J.: 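This structure is in structure tokens; I'll ask about it shortly.
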Protein chains: 2
Amino acid sequence: MTGLTTDPGIRDQVLAAADRLFYARGVQNVGMDAVRSEAGVSLKRLYQVFPSKNALLGEVLRRRSETWDAGLAEASAGATTSREHLLAIFDFLDGWFRSDDFRGCVFVNTFAELGAVSPEVAAVARAHKSRFHRYVEGLVAELGGTADLAAQIALLVEGAQVTAAITGSPVPARQACAATETLLAAIG
Amino acid sequence: MTGLTTDPGIRDQVLAAADRLFYARGVQNVGMDAVRSEAGVSLKRLYQVFPSKNALLGEVLRRRSETWDAGLAEASAGATTSREHLLAIFDFLDGWFRSDDFRGCVFVNTFAELGAVSPEVAAVARAHKSRFHRYVEGLVAELGGTADLAAQIALLVEGAQVTAAITGSPVPARQACAATETLLAAIG
DNA sequence: TAGCCTAGAGAACGATCGTTCTCCCCGCAA
DNA sequence: TTGCGGGGAGAACGATCGTTCTCTAGGCTA
């Protein structure tokens, strides 16, 4: 009927393929042709759905931010207290660090790669981190902790991701968790 | 006399220029021509001193590792106890985070950009982090702390660098310092 | 069946980049 | 003064990449 037939499945396929490749190799090490192959879609279609690589990257990042939230929510499913919600973050990290394709935080990686030359990328990274920071702040406040304590815990989460990526080991999740427990114990 | 006249000043100029540009924009966003211009050296000379961009990057990273050590040593100059040496790390970070051109840890950035496609880059990043980790471990051991405590402090240092880079604020240095003091206080 | 719209495959294009090559000039030895 | 070897500037080359264009085949409408 209309020439703009855009099967929603195609959009998802492309996003999933781009996400996989960008994350695994770095954005600049992945050509649009590789995305096309991985997605099993023609180049024409690809550019019909996303007008440029930058637009595609933007959507990939937006989706990763949602995926992060979803993973966090899933790991917090059994949590009842604020403390449990807080510590569930580290369960989430632990599971993630153990996955075969783990290669650090997409936002940190993309910021490192393109943040200096792309204000949009820098803004998306900042927004994601800021949102997570507020999430932690809310939980810590419920436990009677200060904003500074929340910031400290966020640093541990950040450090765990970077360290797990570079060392290839999942233990930073447990270490960051233990440190958080120590910090929480010092609230009183 | 010999055709291999390689003024040692030129080598330093090139390294300094490459370091500045790679760090400011990301390795892949800097062409060899830009390095050449920044260094004020002919392309021929550049390739006489460093046979390839990869070789140049390798040397830049090696030098950054030394610069890190030197900065740490300088910030620790007045420290006498192990505790002071440990806390001096955060003075070092604070000064660094406040510098205009701060853009995170070179090793983390380069790992994010090239670690997946360049085993050498990944290895250099790992080696640097591992060396710093051992440094912290030594200091913490002198204070009667465990290796796990050292790892926790290292996570704070890592997290502070990433967070300062993305937010553009120097406060993570202070926050990581405060968290470290809390963790140290819990040793007993 | 005839005509047309669409989509796919991939060639083509223009830009960039790492690396090498050419050309020209300068300073030095005889 | 006359060659000559080395160095500088930048053109050139080959590869890659983002993006667009062309060509062809196929399916739907009348």
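First the proteins, then the strands, lettered A, B, ... as listed; each starts at 1. We use all heavy atoms of the structure for the numbers below, so side chains are in, but hydrogens, waters and symmetry mates are not. Computed from a predicted structure; not experimentally measured.
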J.: Determine whether a donor-acceptor pair (N or O, by modelled atom type, separation under 3.5 Å) exists between the side chain of B:Gln161 and the backbone of B:Val157.
T.: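 Answer holds: yes.
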
J.: Expressed as a whole number of angstroms, how long is the span from B:Leu114:CG to C:dC17:P?
T.: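 About 15 Å, once rounded to whole Å.
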
J.: What string of B, S and - do you get for nucleotides 20-26 of chain D, 5' to 3', if B is base contact, S is sugar-phosphate-only contact and - is no contact with any protein heavy atom under 4.0 Å?
T.: B------

J.: What is the separation between atom CG on B:Asp33 and atom P on C:dA15, rounded to the nearest whole Å?
T.: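 In whole Å, C:dA15 P and B:Asp33 CG are 17 Å from each other.
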
J.: Would you check if A:Arg83 and A:Leu86 make a side-chain contact, meaning some heavy-atom pair closer than 4.5 Å?
T.: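 Result no, sub-4.5 Å side-chain heavy-atom pair not found.
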
J.: Could you state the atom-to-atom distance from CD of A:Gln48 to C1' of C:dA7 in whole Å?
T.: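 In whole Å, C:dA7 C1' and A:Gln48 CD are 8 Å from each other.
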
J.: Given D:dT19, C:dT19, D:dG8, identify the nucleotide with an atom nearest to the side chain of B:Arg45.
T.: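 Looking only at side-chain atoms, B:Arg45 lies closest to D:dG8.
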
J.: Need the bend value for the helix from C:dT1-D:dA30 to C:dA30-D:dT1: angle between end axes, 5 pairs each end, nearest 10°.
T.: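 For the helix from C:dT1-D:dA30 to C:dA30-D:dT1, the axes at opposite ends meet at about 30°.
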
J.: Please report, rounded to the nearest Å, how far the C1' atom of C:dG14 is from the CE atom of A:Met32.
T.: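 Spelled out: CE on A:Met32 to C1' on C:dG14 is 17 Å.
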
J.: Is the distance between the ring centroids of A:Trp68 and A:Phe132 under 6.0 Å?
T.: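 Yes.
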
J.: Tell me which pairs pass side-chain hydrogen bond (donor to acceptor under 3.5 Å, both in side chains) where either residue lies in residues 132-142 of chain B, with sequence neighbours left out.
T.: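 For residues 132-142 of chain B, and leaving out neighbouring residues, the side-chain hydrogen bond (donor to acceptor under 3.5 Å, both in side chains) pairs sorted by first residue read B:Ser82-B:Glu142, B:Ser130-B:Arg134.
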
J.: With side chains defined as the heavy atoms from C-beta onward, is the minimum distance between A:Cys105 and A:Phe111 less than 4.5 Å?
T.: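 Side chain of A:Cys105 against side chain of A:Phe111, heavy atoms only: no contact under 4.5 Å found.
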
J.: Is the cationic atom of B:Arg64 (NZ for Lys, CZ for Arg) positioned less than 6.0 Å from the six-membered ring centroid of B:Tyr23 and within 45 degrees of its normal?
T.: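 Relative to the ring axis of B:Tyr23, which defines the angle, B:Arg64 lies inside both limits.
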
J.: Measure from the side-chain heavy atoms of B:Lys53 and tell me the nearest of C:dT19, D:dG10, D:dT19.
T.: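 Of C:dT19, D:dG10, D:dT19, C:dT19 is nearest to the side chain of B:Lys53.
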
J.: I need the full list of side-chain hydrogen bond (donor to acceptor under 3.5 Å, both in side chains) pairs touching residues 84-94 of chain A, with sequence neighbours left out, sorted by first then second residue.
T.: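 Those involving residues 84-94 of chain A are A:Thr80-A:Glu84, A:Asp94-A:Arg98.
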
J.: For DNA chain C, find the residues of residues 55-64 of chain A with a heavy-atom distance under 4.0 Å and give them by number; none if there aren't any.
T.: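 Hits under 4.0 Å, by residue number: none.
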
J.: Round to a whole Å and report the spacing from CZ of B:Phe50 to P of C:dG18.
T.: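 Atom CZ in B:Phe50 sits about 15 Å away from atom P in C:dG18.
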
J.: Taking the side chain as everything from C-beta on, heavy atoms only, tell me whether B:Leu56 gets closer than 4.5 Å to B:Leu15.
T.: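 Touching, per the 4.5 Å side-chain cut-off.
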
J.: For a quick test of your reading: what N or O donor-acceptor pairs under 3.5 Å do the side chains of residues 168-188 of chain A make, sequence neighbours left out?
T.:
residue, atom, partner, partner atom, Å
A:Ser169, OG, A:Val171, N, 3.1
A:Thr180, OG1, A:Ala176, O, 2.9
A:Thr182, OG1, A:Ala178, O, 3.1

J.: Report the relative orientation of the aromatic rings in A:Phe102 and A:Trp96; use parallel for angles under 30°, tilted for 30 to 60°, perpendicular for over 60°.
T.: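 Perpendicular, since the angle between the ring planes exceeds 60°.
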
J.: Check every strand shown and say whether A:Val35 touches a base, only sugar-phosphate, or nothing at a heavy-atom separation below 4.0 Å.
T.: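 It contacts nothing in the nucleic acid.
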
J.: Taking the nucleotide of DNA chain D with the nearest heavy atom to each, does B:Arg36 or A:Gly31 sit closer to the 5' end?
T.: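 The answer here is B:Arg36.
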
J.: In whole Å, I'd like the distance from the CG atom of B:Asn29 to the P atom of D:dC17.
T.: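 In whole Å, D:dC17 P and B:Asn29 CG are 15 Å from each other.
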
J.: Roughly, in whole Å, what's the span from CG in B:Leu46 to C1' in C:dC17?
T.: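 Checked: the CG to C1' distance equals 14 Å.
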
J.: Tell me whether A:Val124 is reachable from A:Val108 by hopping between hydrophobic residues (I, L, V, M, F, W, Y) whose side-chain heavy atoms are closer than 4.5 Å.
T.: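 Per the 4.5 Å side-chain linkage, A:Val108 and A:Val124 are not co-clustered.
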
J.: Between atom CG in B:Leu21 and atom P in C:dG18, what is the gap in whole Å?
T.: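 The distance from CG of B:Leu21 to P of C:dG18 comes to 12 Å, rounded to the nearest Å.
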
J.: Using modelled atom types only, decide if a donor and an acceptor are shared between the side chain of A:Lys53 and the backbone of A:Val27 within a distance under 3.5 Å.
T.: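 Yes; judged by distance alone, with no hydrogens or angles, the pair exists.
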
